[in-house]
Visitor: 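Structure in C-alpha cells, see below.
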Amino acid sequence: MSLRLRLLLVIGISLSVLWSIMAGWLFLDMRRELQSVLDNRLQASAQMVAGLIEQMPRDVLNMEPSQPQIDIATLDGLACEVSIMRGQITSTLLRTQGGPVIADVGPGFGTYVRDGNVWRVYVLQQSGLRIAVADRMGVRSALLRDMALSVGLPFAFALIGSLILVWWATTQGLRPFDRVRAALAGRDPADLTPLPAIDAPADLQPLIDTVHELLQRVAAAIRRERRFTDDAAHELRTPLTAVRTHLQVARIALSRGNDTQLVQDSVACAEQGAVRLQETLDQLLLLARLDSNQPSPEAQSTSVAEAARQALAELEPLELDAGSRVSLVEPPGVTEIAAVIPASLLTSALRNLLDNALRYSPQGSPVTVELHREPDLRVRIRVRDQGPGLAADDIPEVAARFWRAQHDGAGSGLGLSIVQLIAEKHRGSFSISNHRDGGLVAELVLPAADDITSVP
C-alpha cells in the first residue's frame with residue numbers, strides 16, 4: 001500500500017467517523033428538542049382552548065348530554081376534543097372532524113394507538129372541563145425527517161469536501177517525495193553523483209541528505225571494488241601465466257623424451273606458481289570477509305603466545321626457517337597474555353607479520369616477537385626483523401593493497417593490509433616504523449583480556 005493511499009485512508013476514515021459521531025449527536029439532540037417543542041405546543045394548545053371555552057356562553061356549557069356534539073376542523077395531524085364533566089358523566093362538547101376518540105385517555109401526556117395511527121395526546125382537566133389535544137406521530141416523524149435531511153445534506157457535502165481537500169493536501173504534501181523518486185528513477189544505474197537541488201520542506205531534507213551520503217558511500221565502495229578487482233586480476237594473472245608457461249615447457253620436454261631434468265624443473269616451478277596462486281586466493285578471501293559488513297565473531301579471549309606458535313607452525317611448509325629464526329619474548333612474571341580477538345584472526349595477523357619479516361630480511365637473520373601488557377589494558381605485539389628497512393616515503397604505503405617494497409614476485413602484497421583491517425575491526429591499531437639499529441618494527445595493539453595469570 002502506497003504512503004498516499006495509507007494517509008488518505010487513515011485521515012478519511014478518521015474524518016468520516018468524527019463527522020458521523022457529530023451528525024448522530026446533533027440528530028439525537030434535535031429529535032429531543034423537537035419532541036419537547038411539540039409537546040409544549042400541545043400543552044399550550046390545550047390551555048388556549050380552555051381559555052376560549054371559559055369565554056363561551058353559559059348555555060353552551062349547560063347543554064344536555066343528549067344534544068349532538070359540535071365538530072370542528074383543524075390542521076392535518078392535529079386533533080382536539082372538549083368534554084364537560086358532571087360528576088361521573090362526561091359529555092363531549094367539541095371534537096375534531098375525523099379525529100380519534102380519546103375520551104378514555106387519562107390526564108397529562110401519553111402516546112396511544114387509534115385507528116391504526118400513533119397519537120401523542122395531552123389531556124387538561126380544570127373547572128369541569130376536560131380538554132384533550134393530540135397530534136399524529138407520523139407528522140412528527142415526517143417533520144423530523146425533513147429537518148434531518150436539511151441538516152444532513154450540508155454535513156455530507158462538508159464531509160465530501162473535506163475528503164477532497166485531504167486528497168489535495170496529501171498530494172501536495174507528498175509532491176517532494178515524488179520529485180525525489182522521479183530524480184532517482186530517471187538516473188542511469190552507473191550515475192552516483194549527488195541529487196540535484198530539490199525544493200523540499202525541512203522535514204524531508206534529512207532524507208535527501210541521507211540519500212546523498214548513501215550515493216557517495218556507494219560510489220566510494222564501487223571505486224574501491226573496481227580498483228581491488230583490477231589489482232586482483234593482475235595479481236592472479238601473473239602466477240597463472242607462470243604455471244601455464246612451465247607446464248608448456250614440461251609438455252615439450254616430455255614430447256622430446258630425453259630431458260627428464262627439464263620436466264622436473266618445470267613441474268617444480270609450476271607447483272610453486274600454484275602455491276603462490278593459492279596463497280593469493282586465500283588472502284583475497286580473508287580480505288573480502290573482513291571487508292564485508294557481516295558481524296564480527298563474538299569477542300573471545302585468545303592467548304597471544306599460543307597464536308604466535310600456531311602462526312609459526314603454519315609457516316613451516318614455506319621453507320623460511322621460521323622455527324629457527326623466530327624467537328618469542330614474553331614479559332617476566334606473566335605466564336599468559338590474552339587479547340580480545342578470535343584466535344583464527346589473531347593467528348592470521350601474526351602469520352602475515354612473520355611471513356613479511358622473514359621474506360624481506362637476510363636469510364638466516366633473526367626475527368623477534370615481543371609481547372607486552374600495557375597499563376592501559378592493551379596488548380602490544382612487536383615483530384622486529386633485521387632487514388634493510390623502508391624509505392620514509394614508503395612507510396605510509398605499506399598497508400596499501402598489493403603494494404610491495406620489492407617487485408620480485410614474492411608475496412601477494414595483501415598481508416599487511418589484512419593485519420591493519422583485523423586491527424581496525426577489533427578496536428586495535430597497526431603501525432610500522434624503522435628501528436634505530438636497522439630493520440623494521442611492526443606493532444599490533446589490541447584490547448587486553450582480563451584473564452592474565454601471574455607467576456606465583
Visitor: Is the closest side-chain heavy-atom distance between Val445 and Ile381 below 4.5 Å?
Guide: no

Visitor: Can you pull out every side chain to side chain donor-acceptor pair (under 3.5 Å) where at least one residue sits in residues 13-22? Sequence neighbours excluded, please.
Guide: none

Visitor: Using every non-hydrogen atom in the two residues, find where Ala322 and Leu358 come nearest and quote the distance to one decimal.
Guide: CB-CD1, 3.7 Å

Visitor: Are the charged groups of Glu370 and Arg384 less than 4.0 angstrom apart, N to O?
Guide: no

Visitor: For Gln47 and Leu124, what are the C-alpha separation, side-chain angles and deciding distance, and is it a side chain to side chain contact (heavy atoms under 4.5 Å, CB included)?
Guide: CA-CA 8 Å; Gln47 292 174 351; Leu124 174 64; 4.0 Å; yes

Visitor: So for atom CD, which belongs to Gln363, do other residues, nucleotides or ligands contribute more than 12 heavy atoms lying within a distance under 6.0 Å?
Guide: no

Visitor: Roughly how far, to the nearest 0.5 Å, is the CG atom of Asn352 from the CG atom of Leu444?
Guide: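 Here the interatomic distance stands at 11.0 Å.
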
Visitor: Is there a side chain to side chain contact (heavy atoms under 4.5 Å, CB included) between Asn434 and Val441 once you walk through the steps?
Guide: CA-CA 6 Å; Asn434 288 311; Val441 176; over 6 Å; no

Visitor: Quick check: are there more than 12 heavy atoms from other residues, nucleotides or ligands sitting under 6.0 Å from CE of Met30?
Guide: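 More than 12 within 6.0 Å, yes.
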
Visitor: Taking Ser348 for the side chain and Ser344 for the main chain, is one N or O donor matched with an acceptor at less than 3.5 Å?
Guide: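 It does not hold such a pair.
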
Visitor: Would you confirm whether Asp385, through its side chain, and Pro366, through its main-chain N or O, come within 3.5 Å as a donor-acceptor pair?
Guide: no

Visitor: How long is the gap from CG on Leu346 to CD1 on Ile422, to the nearest 0.5 Å?
Guide: 8.0 Å

Visitor: Cation-pi check, Arg136 to Trp119: give yes when NZ or CZ is under 6.0 Å from the six-membered ring centre and within 45° of the ring axis, no otherwise.
Guide: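 The answer is yes, since Arg136 meets both limits relative to Trp119.
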
Visitor: Not counting sequence neighbours, which residues clear ring-ring contact (aromatic ring centres under 6.0 Å, His included) with Trp167? List them please.
Guide: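 Scan of Trp167 (ring-ring contact (aromatic ring centres under 6.0 Å, His included), adjacent residues dropped) gives none.
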
Visitor: Taking the side chain as every heavy atom from C-beta outward, state whether Phe430 and Leu416 have any pair of such atoms under 4.5 Å apart.
Guide: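 They are in contact (side-chain heavy atoms under 4.5 Å apart), so the answer is yes.
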
Visitor: So do Thr347 and Glu314 actually touch side chain to side chain, heavy atoms under 4.5 Å?
Guide: yes

Visitor: Going from CG on Leu159 to CG on Leu15, what distance comes out if it is rounded to the nearest 0.5 angstrom?
Guide: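 Nearest 0.5 Å value for the CG-CG distance: 7.0 Å.
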
Visitor: I need the minimum non-hydrogen distance between Pro154 and Leu149, along with the two atoms involved.
Guide: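 What the structure gives for the nearest pair is CD-O, 4.4 Å.
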
Visitor: Taking the side chain from Asn40 and the backbone from Ser36, do they hold a donor-acceptor pair closer than 3.5 Å?
Guide: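 Yes; at least one donor-acceptor contact below 3.5 Å.
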
Visitor: Would you mind reporting whether Phe109 and Val123 have side-chain heavy atoms less than 4.5 Å apart?
Guide: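 A side-chain contact under 4.5 Å is absent here.
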
Visitor: Indicate yes or no for a side-chain donor-acceptor contact from His435 to the backbone of Asp437 under 3.5 Å, with no hydrogens or angles considered.
Guide: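 Confirmed, His435 side chain pairs with Asp437 backbone.
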
Visitor: Would Leu7 and Leu9 satisfy side chain to side chain contact (heavy atoms under 4.5 Å, CB included), going step by step from the backbone distance to the final call?
Guide: CA-CA 5 Å; Leu7 287 174; Leu9 287 177; over 6 Å; no

Visitor: Using a distance-only test with no angle check, is there a side-chain donor-acceptor pair under 3.5 angstrom linking Thr368 and Arg382?
Guide: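 No pair is found: no donor N or O on one side chain lies under 3.5 Å from an acceptor on the other.
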
Visitor: CD1/Ile432 to CD/Gln420 distance, rounded to the nearest 0.5 angstrom?
Guide: 9.5 Å

Visitor: Nearest 0.5 Å, what's the OG1-NE2 distance between Thr302 and His426?
Guide: 9.0 Å

Visitor: Please check this pair: side chain of Ser150 against backbone of Met147, looking for a donor-acceptor N/O pair closer than 3.5 Å.
Guide: yes

Visitor: Are any non-hydrogen side-chain atoms of Leu312 and Leu354 less than 4.5 angstrom apart?
Guide: yes

Visitor: Any idea which heavy atoms bring Val243 and Ala270 closest together, and the distance?
Guide: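 In this case the closest contact between Val243 and Ala270 is CG2-O, 3.5 Å.
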
Visitor: Distance only, no hydrogens: is a donor on one side chain within 3.5 Å (strictly under) of an acceptor on the other, for Asp39 and Gln43?
Guide: no

Visitor: Does the side chain of Leu38 reach to within under 4.5 Å of the side chain of Arg41, using non-hydrogen atoms?
Guide: yes

Visitor: Kindly indicate whether the side chain of Pro447, heavy atoms from C-beta on, has any atom under 4.5 Å from the side chain of Arg378.
Guide: yes

Visitor: Side chain to side chain donor-acceptor pair (under 3.5 Å) between Ser266 and Arg251: does it pass, once the steps are laid out?
Guide: CA-CA 9 Å; Ser266 298; Arg251 184 177 61 182; over 6 Å; no

Visitor: Please give me the minimum heavy-atom distance between Ala250 and Val267, naming the atom from each residue.
Guide: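 Nearest pair, atom of Ala250 first, then Val267: CB-CG2, 4.3 Å.
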
Visitor: Can you name the closest pair of heavy atoms from Pro362 and Gly387 and give their distance?
Guide: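 Result for this residue pair: CD-CA, 3.8 Å.
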
Visitor: Find the distance between CG (Asp321) and CD (Glu316) and round it off to the nearest 0.5 Å.
Guide: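 The CD atom of Glu316 is 8.5 Å from CG of Asp321, to the nearest 0.5 Å.
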
Visitor: What are the two closest heavy atoms between Val383 and Ala357, and how far apart are they?
Guide: CG1-CB, 4.1 Å

Visitor: Considering only heavy atoms from C-beta outward, does the side chain of Arg325 approach that of Gln386 to under 4.5 Å?
Guide: no

Visitor: Please determine whether side chain to side chain contact (heavy atoms under 4.5 Å, CB included) holds for the pair Val340 and Leu446, giving the CA-CA distance in whole Å, both sets of side-chain angles, and the decisive distance to 0.1 Å.
Guide: CA-CA 7 Å; Val340 182; Leu446 295 169; over 6 Å; no

